[in-house]
Amino acid sequence: MKKKYFRPVVAVMLAILLVVGLAACGAGGGGNQADDGGRIGVSMPTRSLQRWNQDGENLQRLLEEAGFEVDLQFGGENEVPVQVAQIENMIASGVDVLIIAAIDGDSLTEVLATAEEAGIPVIAYDRLIMNTTAVTYYATFDNFLVGEMQGRFIEEALDLPNQPGPFYIEFFTGDPGDNNINFFFPGAMSILQQYLDDGTLVALSGQTDILQVATPGWSTEAAQARMENLISMNNYSPTGQQLHAVMCSNDSTAQGVTNALVNAGFTADNMPIITGQDCDIISVRNMVAGLQAMSVFKDTRTLAANVVEMVIAIMEGNEPPINDRENYDNGTGIIPTFLSVPVVGTIENYRELLIDSGYYTEDQIYS
Ligand code: GAL
């Protein structure tokens with residue numbers, strides 16, 4: 001019985017394999033590189049923030065599923081020399097493509113000159129790599145839109161167009177070496193600056209310049225220390241000087257700000273509106289607890305899938321999908337970019353966005 005059933009199945013499978021094999025040869029001209037086992041170097045900035053662990057894992061899984069061998073490395077605790085050394089090793093070991101989320105966008109010029117000489121295409125992942133002609137493509141989320149969403153959220157929550165104010169606000173963005181802050185922060189300011197100008201919003205610290213509000217390494221501890229300073233300098237407290245909003249460019253900084261405010265006696269009942277980005281587990285828990293108002297969800301599964309598509313196109317000699325040829329100039333010219341669309345996450349929609357979509361399990365949020 002078993003045998004009779006087995007034979008036709010095998011025959012069908014062989015036929016499918018033959019058809020797929022022929023199709024692959026036809027499509028790729030010289031055969032499908034993925035099946036030939038190309039090797040891809042993936043360099044992520046750090047293990048210390050949740051998102052990069054997820055990015056690294058997603059990339060590795062999807063690349064391996066597509067038939068590639070993967071060399072995945074994390075740059076210590078955001079340590080530039082470690083990242084440079086790891087990329088050097090990847091180049092020396094003859095990877096076919098490099099995927100890099102830079103710790104510092106300006107620190108890879110030299111090492112990537114070697115990649116360029118060796119003819120290795122480079123995909124800048126999430127963060128643009130500056131001042132090098134080695135970058136072939138860039139894949140990220142619409143970073144200006146991320147900032148706009150944060151600014152718009154504060155504008156709507158405080159009803160800034162209709163209320164005279166003044167409302168008190170402070171600002172936190174990320175690492176000064178991360179080119180993304182040059183989109184996140186201006187994106188938020190494209191909404192909020194007008195209200196600072198007409199006095200509806202007031203930053204008592206006077207710190208509204210991108211470099212004044214930057215957070216080295218996007219560090220939670222550094223953000224917490226700066227917020228603690230701002231609290232003591234300006235007497236922010238639930239019963240004293242009011243603070244209505246803290247614009248944070250991402251979740252790791254938002255978490256530091258939240259810690260400082262909770263330590264100063266703020267609770268869910270009087271917490272300023274705090275923005276974020278990434279929908280990190282800790283921040284989602286803070287949203288559920290009423291301690292963070294919003295985060296911007298950037299589905300790392302989508303970004304990883306876009307990049308794997310880019311890799312396959314490169315390996316097959318095709319042009320990958322590109323939807324922005326205007327906005328991302330790395331100092332040597334415009335880098336062809338694929339932008340994904342971020343989504344606002346709040347207490348209203350986090351379940352659908354994060355749990356129903358399988359991004360997190362219920363246990364990860366509630367345990
Ligand atoms: C940015 C990234 C954000 C956030 C931040 C800190 O470059 O776009 O999603 O994770 O780095 O790692």
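Values below: all heavy atoms of this structure, side chains included; hydrogens, waters and symmetry mates excluded. When a ligand or atom number is given, it counts from 1 through the structure's own listing order.
Residues F183 and Y328 place their aromatic rings such that the two centres sit under 6.0 Å apart.
Around the CD atom of E110, the shell of radius 6.0 Å holds no more than 12 heavy atoms that belong to other residues, nucleotides or ligands. Residue-environment remark: CD1 (I355) exceeds the threshold of 12 foreign heavy atoms within 6.0 Å. Annotation for E352: atom CD does not count as buried by contact number, only 12 or fewer foreign heavy atoms lying within 6.0 Å.
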Item to check | Steps toward side-chain contact (heavy atoms from CB on, under 4.5 Å) verdict (I100, L112) | outcome: CA-CA 11 Å; I100 302 172; L112 291 189; 3.8 Å; yes
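For ligand 1, the atoms closer than 4.0 angstrom to any heavy atom of N250 are 4 (C), 5 (C), 6 (C). Every atom of ligand 1 is numbered from 1 in the order shown, and the set under 4.0 Å from a heavy atom of R127 is 1 (C), 5 (C), 6 (C), 7 (O), 11 (O), 12 (O). Distances below 4.0 Å separate heavy atoms of K298 from the following atoms of ligand 1: 2 (C), 3 (C), 8 (O), 9 (O). Close approach of ligand 1 to L49 is summarised as follows: ligand atoms under 4.0 Å from at least one heavy atom of the residue are 6 (C), 12 (O). Residue N180 approaches ligand 1 through these ligand atoms, each under 4.0 Å from one of its heavy atoms: 1 (C), 2 (C), 7 (O), 8 (O).
With a heavy-atom cut-off of 4.0 Å, W52 touches ligand 1 through its side chain alone. With a 4.0 Å cut-off on non-hydrogen atoms, F183 does not touch ligand 1 at all. If you look at T140 next to ligand 1, there are no close heavy atoms at all, none under 4.0 Å.
Using a distance-only test at 3.5 Å, with no hydrogens or angles considered, a donor-acceptor pair links the side chain of N349 to the main chain of V344. Between the S205 side chain and the L230 main chain, no donor and acceptor come within less than 3.5 Å of each other.
Nearest protein heavy-atom contact of atom 2 (C) of ligand 1 is D126 OD2, 3.3 Å. The shortest contact between atom 4 (C) of ligand 1 and any protein heavy atom is with D278 OD2, 3.3 Å. For atom 5 (C) of ligand 1, the nearest protein heavy atom (residue, atom name, distance) is W218 CE2, 3.5 Å.
A salt bridge does not link D251 with R51: none of the charged nitrogens is closer than 4.0 Å to a carboxylate oxygen.
At under 3.5 Å, a nitrogen or oxygen of D178, whether backbone or side chain, sits near a nitrogen or oxygen of ligand 1. For ligand 1, the polar-atom distance check against R51 finds a nitrogen or oxygen pair separated by under 3.5 Å.
Using a 4.5 Å heavy-atom cutoff, the side chains of I274 and C248 are in contact.
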